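Read the structure below first, then the notes.
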Amino acid sequence: MNPIRHTTAAAPKAALALLAAAAALVAAPLTATAQQGPIKIGFMLPYTGTYASLGDNIEKGFRLLVQEQGGKLAGREIQYFKVDDESEPSKATDNVAKLIKRDQVDVLVGTVHSGVALAMARAARESNTLLIIPNAGAGDITGPLCSPGIVRSSFSNWQPAYAMGVVAGSKGVKRAMTITWNYAAGTESVKGFAEGLEKSGGKVIKELNLPFPGVEFQALLTEIAAQKPDAVYSFFAGGAAVKFVKDYDAAGLRRTIPLYGPGFLTDGTLEAQGAAAQGMLTTLHYADNLDTPRNNAFRKSYALTYKANADVYSVQGYDAAQILAAGLAAVKGDMKQRDAMNAAMRKVTVDSPRGKFTISPAGNPVQDIYLREVKGNYNEFRSIAVKSLADPARGCKL
Ligand code: PHB
């Protein structure tokens, strides 16, 4: 029945009831109405420099999940803000303030570089802004700096590195050399590798370093040739990984000294690395050809949307959005219920293209680490290197 067609004596009563209802709405706490607007997501990612493609793919993955959900999470519109962090730790505090103070975002999503992410974690803790980290593996973030409002959809630097150490050990490597950038991701990666290798009696005999994002590898490659280790372990990613793998090959080392690394060395880089990367073994929490309905559907959807192949960074962005979606669903989109939301984001089992994973109390994925081999333009699954690997979360007190 159409209420405006009331003509009986009940009409004044109905009008009064309507007025009362309207008054109640006006009197409702502002917080309830504020929750009706969009959820503001602040992407702080590298859109320039050696990690630019990583940042881009993380954003694409995140947006894909939201798009698949009809552009809303828990019934709320999503609004995006963006800052290019340039993988520059010295600008990180100012950059994150743009999102927290100027744009007043509800959720920070970032970043790739561990040094920048450490500054983000401090700012997120101080302002109690929810932070979802879709890549940077800095151990401290899920160690001494751990917080209920910080969760990672990716890995800790220790995880794939430790697994590669175990694999190298099982292949009989006794004397290894390492080469990386001297910032948190590189140094933690090398440490994790050494820990895994030492389990079978192997050792890192020499660590080579250069400043981020340098790519002057020649003198260091000459030193590797002189030392003749059983294997080399290397952490580089993005544009620099392309150059390193090609330089290693061009120096004639690939035929004599196997080059190992966490999968970042060959993820999102294979078209550019070409023949130089073929046959390389790496460890990571993702492999391109995981033949599961979840991974196949994800890769198809990603390829259709972006006319490009998904990589591990796309997966981590997608899963960052899945974790946020789970948190929002638990509080029906009401971000004022932050404690309940934080707790829900720790409890979720994420149905990821990488396979299902859980989140540790410290906020880091507990996940299988795969051994992969480069074949053409793909990192193909070979075996599970370490099952359900949890970061040790040293120093996290929650
Ligand atoms: C990091 O800085 O933590 C980092 C950067 C790029 C990667 C992986 C880790 O591919």
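One-based numbering, in listed order, for ligands and for the atoms of each. Quick caveat, the model's predicted, so the values are computed rather than measured.
Ranking protein heavy atoms by distance to atom 1 (C) of ligand 1, first place goes to V112 O, 3.1 Å. Among all non-hydrogen protein atoms, the one lying nearest atom 2 (O) of ligand 1 is Y183 OH, 2.5 Å.
You'll find the ring centres of F212 and Y51 inside the 6.0 Å limit. Taking the six-membered ring for Trp and the full ring otherwise, F236 and Y248 have centroids separated by 6.0 Å or more. Taking the six-membered ring for Trp and the full ring otherwise, the centers of Y302 and Y318 sit at least 6.0 Å from each other.
Looking at G137 next to ligand 1, an N or O pair under 3.5 Å apart turns up. Where the criterion is an N or O separation shorter than 3.5 Å, residue side chain and backbone included, Y313 meets it with respect to ligand 1. In terms of polar-atom proximity, defined here as any N/O pair under 3.5 Å, S114 does make such a contact with ligand 1.
In F155, the part holding a heavy atom less than 4.0 Å from any atom of ligand 1 is the side chain. If you look at D267 next to ligand 1, there are no close heavy atoms at all, none under 4.0 Å.
Screening N135, V112, D311 against Q316 for a side chain to side chain contact (heavy atoms under 4.5 Å, CB included) leaves a single residue, N135.
Using a cut-off of 4.0 Å between Lys/Arg side-chain N and Asp/Glu carboxylate O, D94 and K98 are scored as not salt-bridged.
Residue contact check: H113 has heavy atoms under 4.0 Å from atoms 2 (O) of ligand 1. Taking every heavy atom of A237 and a limit of under 4.0 angstrom, the matching atoms of ligand 1 come to 6 (C), 7 (C), 10 (O). Below 4.0 Å from some heavy atom of A136 lie the following atoms of ligand 1, by number and element: 3 (O).
For the ligand labelled ligand 1, residue V312 lies outside the 4.0 Å heavy-atom shell.
When N135, L265, I133 are ranked by how near their heavy atoms come to atom 9 (C) of ligand 1, first place goes to N135.
Sorted by first and then second residue, the ring-ring contact (aromatic ring centres under 6.0 Å, His included) pairs involving residues 371-398 (not counting sequence neighbours) are Y370-F381.
Counting heavy atoms from C-beta outward, L265 and L259 have side chains that approach closer than 4.5 Å.
Residue S189 comes nearest to F235 through the heavy atom pair OG-CB, 3.8 Å, listed as atom of the first residue, atom of the second, then distance.
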